[in-house]
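Below is one structure, written out as structure tokens; the observations come after it.
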2 protein chains.
Amino acid sequence: MGTKAGKSDFRGLDKSLRIQKITDTAAELFHRKGYRSTTLDDVSKELGITKAALYHYVSSKEKLLSRIYIQALENIFRNTDKIAGKELPPDVRLRLIIQNHIKGIIIQSISMFSVFFTEENQLPEKEFRKIRREKRKYTRIVEEIIEEGISEGLFRNADPKLQAFAIIGMCNWVYKWYKPGPGSYTPEQIADYFVSLLEGGYLKGDMEGMPDVPKSLEGGREKTGSRMENYQKLRAKCTELSKLIEEMEKHG
Amino acid sequence: MGTKAGKSDFRGLDKSLRIQKITDTAAELFHRKGYRSTTLDDVSKELGITKAALYHYVSSKEKLLSRIYIQALENIFRNTDKIAGKELPPDVRLRLIIQNHIKGIIIQSISMFSVFFTEENQLPEKEFRKIRREKRKYTRIVEEIIEEGISEGLFRNADPKLQAFAIIGMCNWVYKWYKPGPGSYTPEQIADYFVSLLEGGYLKGDMEGMPDVPKSLEGGREKTGSRMENYQKLRAKCTELSKLIEEMEKHG
DNA sequence: AGATAGTTTTAATGACTGTTTAGTTACAAA
DNA sequence: TTTGTAACTAAACAGTCATTAAAACTATCT
């Protein structure tokens, strides 16, 4: 039954590592069966110890859930603050945030975030509020980058918060369908494609200046390449024209 | 406590309507407290009847959950098949699908879909599989539209399934943050903006031919209106030019 | 009024499970 | 060896809750 890592695995670990192991297997089980449907017997059995032994490490089931949430928050902000503080143009920063969100946060620990997203209502009121605050903080970071992007004229003009919700939602949802392993999408493929979609959309408008669709994801029917150069030049002219219009529009 | 609609409300309804009422309040409570943490006493109290009375309408708590899932599926496919079958270009059809997904499916019944997305692992194996099959069917519909869009040269060339995941994820996530009421975003705003973001991206590349950001969502600095007509004409010319290029590109 | 079917209630039942208690084992320091 | 502490176990406790059984109520029809 399960990955019964066995006593051998669990014992012979530093105390802090044991607690970590407990938290991890709990997260895994909560993910699979749900917090409320997972008994402490389930958890202890998976670890190869008794239910009562758990109480030497964690004071209650609820506390165990809290621990998962705390770790999730740590994971979320580990790199995010660093990225957001960088001296880079908003578009680059947003790209990094998105890539990190997918590769560094969600995919890094799927079951932890599955719990994070689905068991909020099991938290005590106080804890719940704290989590909500932190989530808002993250949204706000994304929002601010978008605001900068808009005021610098890099991003199209739209409601920043709504845009943040949209982006974050697309990335979060990955936990619902991502399955690792060969034959599946790699985290890089997913992140690269999501960035390209979010930056440039799925419609084939003008491509110049538009982010590339990662080559690994393009379909069969490919452009002939060299023969297209004329079209590209023509299109470039159009772009310049449009940019000009924008300029004129801005400066009266 | 709660919207104790009271006996008056519940009794004096056709049998089928009563069952519906039960299902709805159950969905609402499951949404708020989670399926496993919601007792049948909670449900019956909210309805103003006894727990035992519920068993005249629903044979078990699990069956109640099933009912919610069945209705969710009905809601999902109600309009979707119709839209997907229409004789319209892929970009228009996809736009309709997205709008329907947000306005006609998710926002239409938030708590139902909150349950739908979070309580899957509480379903019996057989039911679970069925739900998964149906969800795949929906994804497949979106995927197919995207495939058409790509082969008609309307969409950029990218992996259709990944694209479907991205779009669907962005839309589904709405259930996590949407709150109705004044001062919030209207379903129309959300749907329009999501479409615009998905079609054209957030980067300000060339705008011609690109979908508009819904006016209601643009920031403060607004165009002067009538004096802009010249720019609009100019831009229109550019668009025509681009369209022409596309044409040329397609027909050698 | 009496009967019938549909509806609701009261009061168990029985299983489950988080938590506690009292004790046992392992092992390192004295 | 003794002793002390941390790690663990077995067993019981106590509360919760889905489900059922049996009785009673209500309305409609005869």
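Proteins get letters first, then strands, A, B, ... in listed order; numbering begins at 1 in each.
- The side chain of A/A53 has D/dT9 as its nearest neighbour among D/dT19, D/dT9, C/dT7.
- The aromatic rings of A/F117 and A/F113 sit tilted relative to each other, their planes meeting at an angle between 30° and 60°.
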N/O-N/O pairs, protein side and nucleotides 20-26 of chain C side, under 3.5 Å:
none

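- In this structure, B/F10 atom CZ and D/dT26 atom P are separated by 17 Å, rounded to whole Å.
- Between the CG atom of A/L54 and the P atom of C/dT19 there is a distance of 11 Å, rounded to whole Å.
- As a whole-Å value, the separation of B/I19 CD1 from C/dG6 C1' is 13 Å.
- When the shell of 6.0 Å around NZ of B/K176 is examined, it contains more than 12 heavy atoms from other residues, nucleotides or ligands.
- Listed candidates were D/dT19, C/dT19, C/dT7. Nearest to the side chain of B/S60 is D/dT19.
- B/Q108 meets the side chain to side chain donor-acceptor pair (under 3.5 Å) test with no other residue; sequence neighbours excluded.
- Judged by the 6.0 Å and 45° rule, B/R18 forms a cation-pi pair with B/F10.
- Atom pair B/L17:CG and C/dT7:P shows a separation of 13 Å (rounding to whole Å applied).
- Ring centers of A/Y202 and B/F155: under 6.0 Å apart, within the cut-off.
- Between the P atom of C/dT17 and the CG atom of A/L29 lies a distance of 13 Å, rounded to the nearest Å.
- With B/F77 as the aromatic partner, B/K137 meets the cation-pi criteria of under 6.0 angstrom to the ring centre and within 45 degrees of the ring axis.
- There is no side-chain donor-acceptor pair under 3.5 Å between A/E119 and A/Y69.
- Atom NZ of B/K63 is separated from atom C1' of D/dT19 by 17 Å (rounded to the nearest Å).
- Evaluated for a salt bridge (Lys or Arg N to Asp or Glu O under 4.0 Å) with A/D42, the options A/R36, A/K33, A/R32 yield exactly one hit, A/K33.
- Only at 4.0 angstrom or more do the heavy atoms of residues 35-42 of chain B sit from any atom of DNA chain C, so none qualifies.
- Taking every side-chain heavy atom of A/T50 into account, D/dT9 is the closest of D/dT9, D/dA7, D/dT19.
- To the nearest 0.5 Å, atom CG of residue B/D192 and atom CG of residue B/L197 are 12.5 Å apart.
- Taking atom CD of residue B/E62 and atom P of nucleotide D/dA18, one finds them 12 Å apart after rounding to whole Å.
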